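I have placed the structure first, in the form of structure tokens, so that the comments after it can refer back to it.
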Amino acid sequence: MKLNILGCYSATPRTLNNPTAQILEIKNHLFLIDCGEGTQVQLRKSKLKFSRIKRIFISHLHGDHFFGLPGLISTFRLLGREADLHIYGPKGIKEAITLLLKLGDSWTNYRLFFHELNSKDSELIFEDDKVTVHTIPLTHRVYTNGFLFREKPASRSLNVVAVDKYAIDKSQFTNIKKGKDVTLDDGSKISNAELTFNPPKTKSYAFCSDTMYQENIVPQIKEVDLLYHEATFLDTEQHLCLKTKHSTAKEAATIAKKANVGQLVLGHYSTRYKSLEMFKEEAQMIFDNVLLAEDGRTFEV
Ligand SMILES: [Zn+2]
């Protein structure tokens with residue numbers, strides 16, 4: 001699993017700061033999470049093959065999280081895309097995008113599917129045989145969701161030596177990999193633990209932006225390998241959080257600690273601060289394993 005940060009600053013694009021967009025590479029998927037202005041340029045710089053993006057997840061309809069989307073949709077058309085594109089985002093996203101396409105008479109030549117969200121409870125919004133994606137309802141000035149990406153456990157792998165030893169027939173292998181025990185012809189039972197190895201540990205990633213400090217997300221993101229949590233402000237500007245419904249680095253770290261996550265990635269920084277190190281220092285007073293998102297940086301789990 002690999003997280004590619006394309007942009008991780010709040011509000012306005014600047015010479016060296018791009019608004020929110022990320023690519024999560026997980027089990028052969030290339031999921032785009034948020035699509036701020038400049039996402040296409042960042043994608044080109046990243047060398048990711050972006051025609052492979054089939055699913056886009058938009059947290060909320062503030063411009064710094066989705067103004068890059070109409071441009072990307074249009075570019076896909078110009079590049080002759082044929083593959084379906086699925087967009088998950090708040091109710092209203094379909095109207096916003098289709099109005100732009102309609103006014104420019106630039107309908108896509110590929111199929112565009114909108115999955116509009118309006119539930120205040122977590123929902124399973126995508127699932128295949130390898131991964132699941134759930135929403136994480138957040139608290140912001142407009143309706144907002146984070147997203148929880150989880151790998152599904154692979155089947156158990158066969159212990160070939162043990163299987164040979166008991167001369168177990170191939171026809172039983174599928175059931176053994178699913179965790180079933182085996183009864184031999186003489187009636188003796190061989191436990192599955194003797195015939196298989198544990199599958200590799202599954203990985204998980206939680207994206208939480210934008211949001212104010214909200215402890216009720218802790219149970220849902222408990223022990224994820226990687227948590228991206230917004231840290232728009234430092235504690236010195238905590239008074240701005242209530243008005244703007246954002247979090248501080250300290251609050252992000254408190255969530256990470258309570259959820260006992262593997263690693264915390266901070267992002268969505270206000271451009272008022274000169275150095276990102278201050279975010280890290282503040283967070284590390286609460287939680288050790290803190291990483292700083294930076295445009296172009298990648299994190300591998
Ligand atoms: Zn916002």
Side-chain angles (χ1 to χ4, degrees), residues 3 5-14 17-24 31-39 42 56-72 87-97 100 114-120 122 125 135-148 205-217 220-221 227-235 237-253 255 264-273 276 279 283 292-295:
L3 179 67
I5 306 290
L6 304 174
C8 63
Y9 288 81
S10 63
T12 57
R14 294 176 167 217
N17 307 143
N18 293 280
T20 307
Q22 319 184 337
I23 290 277
L24 181 69
F31 291 141
L32 175 60
I33 307 165
D34 279 348
C35 189
E37 220 178 313
T39 297
Q42 289 297 96
I56 301 177
F57 300 87
I58 302 291
S59 61
H60 66 298
L61 296 182
H62 280 156
D64 56 338
H65 293 256
F66 95 109
F67 278 178
L69 189 57
L72 184 63
I87 295 169
Y88 304 77
K91 190 161 174 40
I93 195 167
K94 181 177 180 180
E95 188 187 350
I97 299 295
L100 291 173
F114 290 94
H115 305 265
E116 293 199 307
L117 310 170
N118 60 3
S119 174
K120 292 209 165 87
S122 175
I125 54 171
T135 56
I136 306 170
L138 299 174
T139 304
H140 192 41
R141 303 194 302 279
V142 293
Y143 175 76
T144 304
N145 286 295
F147 301 103
L148 174 62
Y205 171 57
F207 169 85
C208 296
S209 184
D210 297 357
T211 188
M212 63 188 297
Y213 180 78
Q214 193 190 321
E215 241 173 66
N216 65 3
I217 63 172
Q220 199 190 354
I221 63 172
L227 165 67
Y228 175 93
H229 195 290
E230 75 130 283
T232 307
F233 300 114
L234 293 174
D235 196 39
E237 277 67 46
Q238 212 280 335
H239 58 283
L240 297 176
C241 287
L242 194 63
K243 193 172 131 217
T244 60
K245 303 249 169 66
H246 283 299
S247 308
T248 64
K250 188 178 168 187
E251 289 171 331
I255 295 289
L264 167 66
V265 180
L266 298 177
H268 201 264
Y269 320 108
S270 161
T271 48
R272 76 181 60 214
Y273 301 105
L276 296 186
F279 286 87
L292 291 172
E294 285 178 68
D295 298 1

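As the structure lists them, so they are numbered: ligands from 1, and atoms in each ligand from 1. Note that these values count all heavy atoms, side chains included, but never hydrogens, waters or copies made by symmetry. Every value quoted in this text rests on a predicted model; they were computed, and no experiment measured them.
- At least one side-chain heavy atom of Phe207 sits less than 4.5 Å from a side-chain heavy atom of Ser59.
- Partner of Met212 under the side-chain contact (heavy atoms from CB on, under 4.5 Å) criterion, out of Thr244, Leu242, Thr232, Leu138: Leu242 alone.
- Atom CD of Glu95 has 12 or fewer heavy atoms from other residues, nucleotides or ligands within 6.0 Å.
- Distance check for His140 against the Zn ion (ligand 1): an N/O/S atom falls below 2.8 Å.
- With the Zn ion (ligand 1) as the vertex, atom ND1 of His62 and atom OD2 of Asp210 span an angle of 180° (nearest 10 degrees).
- Although no hydrogens or angles enter the test, the distance criterion places a donor-acceptor pair under 3.5 Å between the side chain of Ser10 and the main chain of Tyr269.
- His60 has its closest N, O or S atom to the Zn ion (ligand 1) at the position named NE2.
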